[in-house]
Amino acid sequence: MKMESVEPAKTSIQVIERMVALLDALATYADPVSLKELSKVSGLHPSTAHRILNDMVVTRFVDRVEPGTYRLGMRLLELGNVVKSRLSVREAALDFMRALHKKTQQTINLSVRQGDEIVYIDRAFSERSGMQVVRAIGGRGPLHLTSTGKLFLSVDEPKAIRAYATRTGLAGHNKNSITDLARLERELSLVRARGYARDNEELELGVRCMAAGIHDDSGKLVAGLSISAPADRLQEEWLEDLVTTASQISATLGYTPVR
């Protein structure tokens with residue numbers, strides 16, 4: 001009786017493994033592929049490959065273009081879109097944020113753009129960070145005074161940046177704040193060249209931040225990941241970890257960098 005309960009499960013897993021092998025083989029070709037080629041690449045006997053492919057054609061995981069040739073089916077795209085719609089930036093970022101916080105022991109912020117401000121949507125922080133100013137989840141900050149805000153401004157067209165400056169008046173919070181358009185444009189040029197942004201006590205005295213962008217599968221900048229720390233405690237070696245972590249979150253969202 002024990003063997004009867006185990007054998008069907010083993011057989012089912014074997015079929016799934018063979019299906020995956022065929023899907024992986026199909027994914028390596030841009031054009032429709034012959035049964036002979038798929039059998040060779042997947043390592044399956046032609047009769048086995050043919051039987052499984054027929055089943056996947058019925059379920060629309062595979063399309064039969066003409067007798068003996070196959071390509072990936074639209075069902076995969078449909079399921080992929082369902083997964084994409086359910087995956088939020090917060091869900092994708094949370095574990096990565098915790099790991100970065102554990103390494104730096106500083107506040108890690110996840111922010112998105114809403115109009116002329118950024119909004120903090122998640123945070124990993126320690127009570128021992130020593131920071132006097134902690135922006136709560138749901139808190140907001142001006143684009144031109146925050147590291148993540150500068151990331152978003154840096155991808156805007158020059159006309160849109162000038163319009164932002166006109167609307168907001170580039171109001172400052174302290175002596176370090178960027179309050180004129182020419183200086184902001186120079187700062188944004190640096191952000192584009194470097195691929196990351198900084199806030200050098202421009203929003204709050206005594207607090208410095210650096211941010212890297214998070215992109216979705218279309219390449220759109222959808223969020224910023226930043227490290228906030230007391231001004232005298234921010235370490236440059238954290239920058240590489242920050243950029244790497246933002247890239248990992250982007251990859252989870254399906255982003256592939258253009259090479």
Side-chain angles (χ1 to χ4, degrees), residues 87-113 118-155 176 178 187-259:
L87 182 62
S88 73
V89 175
R90 287 187 68 197
E91 290 170 339
L94 186 57
D95 287 343
F96 294 106
M97 292 176 65
R98 287 172 175 164
L100 186 58
H101 168 258
K102 185 176 181 180
K103 187 168 187 176
T104 64
Q105 290 299 302
Q106 302 300 322
T107 300
I108 312 300
N109 309 290
L110 183 67
S111 312
V112 297
R113 179 176 185 171
I118 62 161
V119 179
Y120 298 87
I121 62 171
D122 216 336
R123 165 167 286 117
F125 70 97
S126 171
E127 296 293 342
R128 298 173 297 171
S129 66
M131 287 178 57
Q132 294 181 337
V133 178
V134 177
R135 301 242 158 198
I137 295 173
R140 296 171 178 268
L143 296 179
H144 65 290
L145 300 183
T146 56
S147 53
T148 293
K150 291 174 186 177
L151 289 174
F152 280 103
L153 281 176
S154 73
V155 299
N176 296 322
I178 294 176
E187 179 79 2
L188 297 180
S189 293
L190 288 175
V191 172
R192 295 184 198 103
R194 293 169 174 168
Y196 62 86
R198 295 178 183 275
D199 160 17
N200 288 311
E201 300 184 73
E202 296 156 48
L203 182 65
E204 305 285 355
L205 289 175
V207 179
R208 294 170 60 206
C209 302
M210 45 191 180
I214 296 170
H215 300 80
D216 66 10
D217 62 330
S218 69
K220 180 182 178 182
L221 178 66
V222 292
L225 186 73
S226 63
I227 298 177
S228 300
D232 60 353
R233 203 178 299 174
L234 192 72
Q235 299 178 26
E236 289 303 310
E237 54 263 37
W238 293 339
L239 181 59
E240 183 177 352
D241 295 324
L242 173 69
V243 172
T244 298
T245 302
S247 297
Q248 291 170 331
I249 298 169
S250 296
T252 302
L253 295 174
Y255 174 64
T256 303
V258 178
R259 299 185 183 278

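Nearest heavy atoms, S111 versus Y120: OG-CD2, 3.4 Å. Scanning all heavy atoms of the two residues, the minimum distance from N200 to N176 falls at O-CB, 3.8 Å. The minimum heavy-atom distance between I214 and S250, with the atom names listed, is CA-OG, 3.4 Å. Nearest heavy atoms, R192 versus L153: NH2-O, 4.4 Å. Across every non-hydrogen atom of L225 and A246, the tightest pair is CD2-N, 4.0 Å. Closest of all the heavy-atom pairs between G213 and L221 is CA-CD1, 3.6 Å.
A donor-acceptor distance shorter than 3.5 angstrom exists from the side chain of E201 to the backbone of G206, with no hydrogens or angles considered. Side chain of E91 to backbone of S88: a donor-acceptor contact under 3.5 angstrom is found. Side-chain atoms of Q105 come within 3.5 Å of backbone atoms of K102 as a donor-acceptor pair (strictly under, hydrogens ignored). Within the 3.5 Å criterion, the main-chain N or O of I121 finds a donor-acceptor partner in the side chain of R90. Of the possible donor and acceptor atoms, one in the side chain of S154 sits under 3.5 Å from a partner among the backbone N and O of L151.
Atom OG1 in T245 sits 12.0 Å away from atom CG in D95 (nearest 0.5 Å). Rounded to the nearest 0.5 Å, atoms OH (Y196) and CG (L190) are 9.0 Å apart. Residue R113 holds its CZ atom at 12.0 Å from OG1 of T148, rounded to the nearest 0.5 Å. Interatomic distance, D241 CG to K103 NZ, rounded to the nearest 0.5 Å: 3.5 Å. M210 CE to K150 NZ: the interatomic distance, rounded to the nearest 0.5 Å, is 13.5 Å. Separation of atoms CD1 (I118) and CZ (R140) is listed at 10.5 Å; rounding is to 0.5 Å.
Taking 4.5 Å as the limit, some side-chain heavy atom of T252 sits within range of a side-chain heavy atom of F96. Side-chain atoms of V112 and V89, non-hydrogen and from C-beta on, never get closer than 4.5 Å to each other. Side-chain contact between P230 and Q106 is present, with at least one heavy-atom pair separated by less than 4.5 Å. Taking 4.5 Å as the limit, some side-chain heavy atom of L203 sits within range of a side-chain heavy atom of P142. Using a 4.5 Å cut-off on side-chain heavy atoms (C-beta onward), L234 and I227 make contact.
Ion pair E236/R198 flagged as a salt bridge, since at least one NZ, NE, NH1 or NH2 atom sits closer than 4.0 Å to an Asp/Glu carboxylate oxygen.
Listed by first then second residue, pairs satisfying ring-ring contact (aromatic ring centres under 6.0 Å, His included) with a partner in residues 197-230 read H215-Y255, not counting sequence neighbours.
By the neighbour-count criterion of 12 heavy atoms within 6.0 Å, atom CD of E237 is densely surrounded, having more than that number from other residues, nucleotides or ligands.
At a cut-off of 3.5 Å, with distance as the only test, a side-chain donor of S226 or N109 sits close to an acceptor on the other residue.
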